[in-house]
Amino acid sequence: MSTGLSIRAKHVRPSSTLAITDKAKRMKADGLDVVSFGAGEPDFPTPANICEAGKKAIDDGFTKYTAASGTVELKKAVCDKFKRFNGLDYEPKQIVISNGGKHSLTNIFTAIINPGEEVVIPAPFWLSYPEMVRLAGGVPVIVKCDRENNYKITPEQLKNACNDRTKAFVLNNPNNPTGMVYTKAELSELAKIIVEEDIYCVSDEMYENIVYGDERPVSIASFNKEIYDRTITCSGLAKAYSMTGWRIGYTGSAPEIAKAMGAIQSHQTSNPNSIAQKAALEALNGPQDAVETMRQEFEKRNEYMYERISKMPHISMVKPMGAFYAFVDVSDTFELDYRGLRVHNVFEFARILLDDYYCAVVPCTDFGFDTHIRLSYATSMENIKKGLDRIEEFLKGLDDVDYV
Ligand code: PLP
């Protein structure tokens, strides 16, 4: 035997988007006026009542181990939320509380995937899914979705991607990075395929509270018993309650899956932070007005972003229906000339914007779309205006040159 990294570790790809966001941070630290559309985290403080509940937990000495899969009181609060918000009936034994949504998702994949089993992931996707599947020994099967269908997977695409090695399908609704939301009718068609193929549905509903207009988020598990039994519904507190740093996520699933995930978690991390669990309890059971205030603010920003970007030359986007991202097609710039050089690709697009216009955007190559960038509007209106002005200036300066 000799030393060396495991095959799993060797295959994990570091996020290429981090290169841009790290560079933006360094530039900011050097005193440069950088506007960042990078962060996927609400720019609001965690609501005061939630912070108070955390402080009280410390004062009350609630600072020891809890049950590994979370406290019963928090599981009950999650059941109430599932009932109230999603129309889903879960009992506490079906709930696992974890250290954030990411942890919930890794628990799910570890619990359901055998080596070599396939997981269908529609692209564009949140960049962690394929890596999580690989880490669990599975094989991600990427299905590229069309802009004409608002970047959503069709039932035919899902069916065609399934075979006898398929174990699960990942549904992210509302979607990061596209901001798209599946309608009830679309979900119902997908549910039929999932049941027909007898696979699991991993339904990541992390952005369920951030939905715009008349759209209402629908949980795929809510249609009937067949799909309910096959779905692991995953959500968390990070986005809706601006609690990214507290690290609480949760799942609702069939009891045997919850039991397996609880056992896995009991060895890997034990309980999620006890103080954060008390804060999460207050978040779910306490007043919900802060959630709505943040949602409204995101909606205003969404309108503004969409209106401005739609009028800019060379780029375009579909109007988001939820989450807080603009998914922008910049492929028309790849043939254009910037100060004597071709823009070439999405990394070059992002690099020029950052180096010359002090504006950080995320190239979506790691999200399965190398023609698009993601702009997070979880930043102030003032920053949004400034950043969009810079993008516009850059785009207006691009020339159409015939390359030979
Ligand atoms: N799912 C999606 C689609 C996300 O965008 C994120 C975070 O960005 C997560 C899950 C994980 O959230 P958490 O911060 O709770 O780990």
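This one's a predicted model, so the numbers in the text were calculated from it and none came from an experiment. Counting convention: from 1, in listed order, for ligands and their atoms alike.
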* With no hydrogens and no angle check, do the side chains of Q157 and N160 hold a donor and an acceptor under 3.5 Å apart? -> no
In a simple table, one pair per line, please give the protein and ligand 1 atom names for every N or O pair closer than 3.5 Å, along with the distance.
from     : atom 1 : to   : atom 2 : distance (Å)
ligand 1 : 1 (N)  : D204 : OD2    : 2.6
ligand 1 : 5 (O)  : N176 : ND2    : 2.9
ligand 1 : 5 (O)  : Y207 : OH     : 2.8
ligand 1 : 8 (O)  : K239 : NZ     : 2.7
ligand 1 : 14 (O) : R247 : NH1    : 2.9
ligand 1 : 15 (O) : G101 : N      : 2.7
ligand 1 : 16 (O) : G101 : N      : 3.2
ligand 1 : 16 (O) : K102 : N      : 2.9
ligand 1 : 16 (O) : R247 : NH2    : 2.7

* Asked: Within 45° of the axis and under 6.0 Å from the centre of the six-membered ring of Y90, does NZ or CZ of K83 qualify?
  -> no
* Would you please indicate if the ring centroids of Y212 and F298 are separated by under 6.0 Å? => no
* Asked: With no hydrogens and no angle check, do the side chains of E197 and T166 hold a donor and an acceptor under 3.5 Å apart?
  -> no
* Do Y129 and F109 make the cut of ring centroids closer than 6.0 angstrom? -> no
* Close side-chain approach of Y304 and Y377, heavy atoms under 4.5 Å -> no
